[in-house]
Each structure stands twice: as C-alpha cells, then as structure tokens.
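Everything below concerns the one structure shown next.
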Amino acid sequence: MNCAEFVEVVTEFLDGAMGEPTELRCLVHLARCEGCETYLDQFRQTVAAVGAQPGPDLPASARDQLLGAFRSLRRD
C-alpha cells in the first residue's frame with residue numbers, strides 16, 4: 001500500500017469497515033510511513049473535534065419533514 005491508497009481508505013480503516021487483508025496492509029504501511037501516521041492522527045483529531053460540536057437546532061416540523069424525506073428514499 002502506498003500513501004495515496006491509504007488516504008483513500010482512511011475512513012474505512014477508522015470505522016473498522018474493511019476486510020482483514022486490507023487492514024493488515026494499512027497497519028504495515030503505517031508502521032513504515034511517519035507521514036501517514038501523522039495524517040491518521042490529524043484525521044482522528046478532526047473527527048473528534050467535529051463530533052464534539054453541537055448539532056443544529058431544527059424546528060420539530062423541519063426535522064419531521066427531513067426524516068420523512070429520508071425514509072421515502074429507502075422505499076424507492
């Protein structure tokens with residue numbers, strides 16, 4: 001695995017959503033690549049910072065309308 005390949009799969013790696021062979025390739029690459037290790041750490045920090053932000057305040061009617069729209073998408 002090279003750096004460009006790692007960047008493409010970093011979210012899958014963090015989510016634990018990849019197969020074992022690909023995860024192993026990521027771990028081997030990270031052990032050898034200080035730049036990608038730094039990138040991964042920065043990505044984790046960004047995810048944590050964004051996740052700590054409060055969500056938007058939506059009126060109940062807008063929330064219900066959005067949820068209805070998303071639910072109808074699953075049926076199509």
Side-chain angles (χ1 to χ4, degrees):
M1 175 169 291
N2 61 38
C3 298
E5 291 170 326
F6 179 75
V7 168
E8 287 182 29
V9 298
V10 69
T11 55
E12 290 176 58
F13 179 78
L14 286 174
D15 291 342
M18 60 178 45
E20 189 175 326
T22 306
E23 184 177 0
L24 182 57
R25 288 179 59 221
C26 287
L27 292 170
V28 169
H29 179 75
L30 286 168
R32 296 178 179 166
C33 183
E34 187 176 324
C36 283
E37 189 176 344
T38 300
Y39 175 76
L40 178 62
D41 186 49
Q42 290 171 342
F43 202 93
R44 283 183 173 137
Q45 289 177 33
T46 301
V47 168
V50 171
Q53 299 300 312
D57 291 330
L58 290 175
S61 60
R63 180 183 174 277
D64 292 342
Q65 186 177 7
L66 284 170
L67 288 173
F70 285 121
R71 287 183 185 121
S72 69
L73 287 174
R74 284 191 249 158
R75 290 186 208 129
D76 295 343

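The figures here come from the full heavy-atom set of this structure, side chains too, leaving out hydrogens, waters and symmetry mates.
In the hydrophobic clustering of ILVMFWY residues, with side-chain heavy atoms under 4.5 Å counting as a link, Met1 and Val7 come out together. A chain of hydrophobic side-chain contacts below 4.5 Å, direct or via other Ile, Leu, Val, Met, Phe, Trp or Tyr residues, connects Leu27 to Met18. Residue Val47 is grouped with residue Val9 when hydrophobic side chains (ILVMFWY) are merged at heavy-atom distances under 4.5 angstrom, including chains of intermediate members.
Summarising the geometry, atom CG belonging to Asp41 is positioned 4.5 Å from atom CD belonging to Gln45; distances are rounded to the nearest 0.5 Å. Cys36 contributes atom SG, which lies 11.0 Å from atom CD of Gln42 (distance to the nearest 0.5 angstrom). In this structure, SG on Cys33 lies 8.5 Å from CD on Glu37, to the nearest 0.5 angstrom.
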From CA spacing to verdict: side chain to side chain contact (heavy atoms under 4.5 Å, CB included), Thr22, Phe13: CA-CA 9 Å; Thr22 306; Phe13 179 78; over 6 Å; no

Residues Leu14, Arg44; criterion side chain to side chain contact (heavy atoms under 4.5 Å, CB included); working and verdict: CA-CA 8 Å; Leu14 286 174; Arg44 283 183 173 137; 3.3 Å; yes

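Counting only residues at least two apart or in different chains, salt bridge (Lys or Arg N to Asp or Glu O under 4.0 Å) contacts with residues 20-32 comprise Glu5-Arg25.
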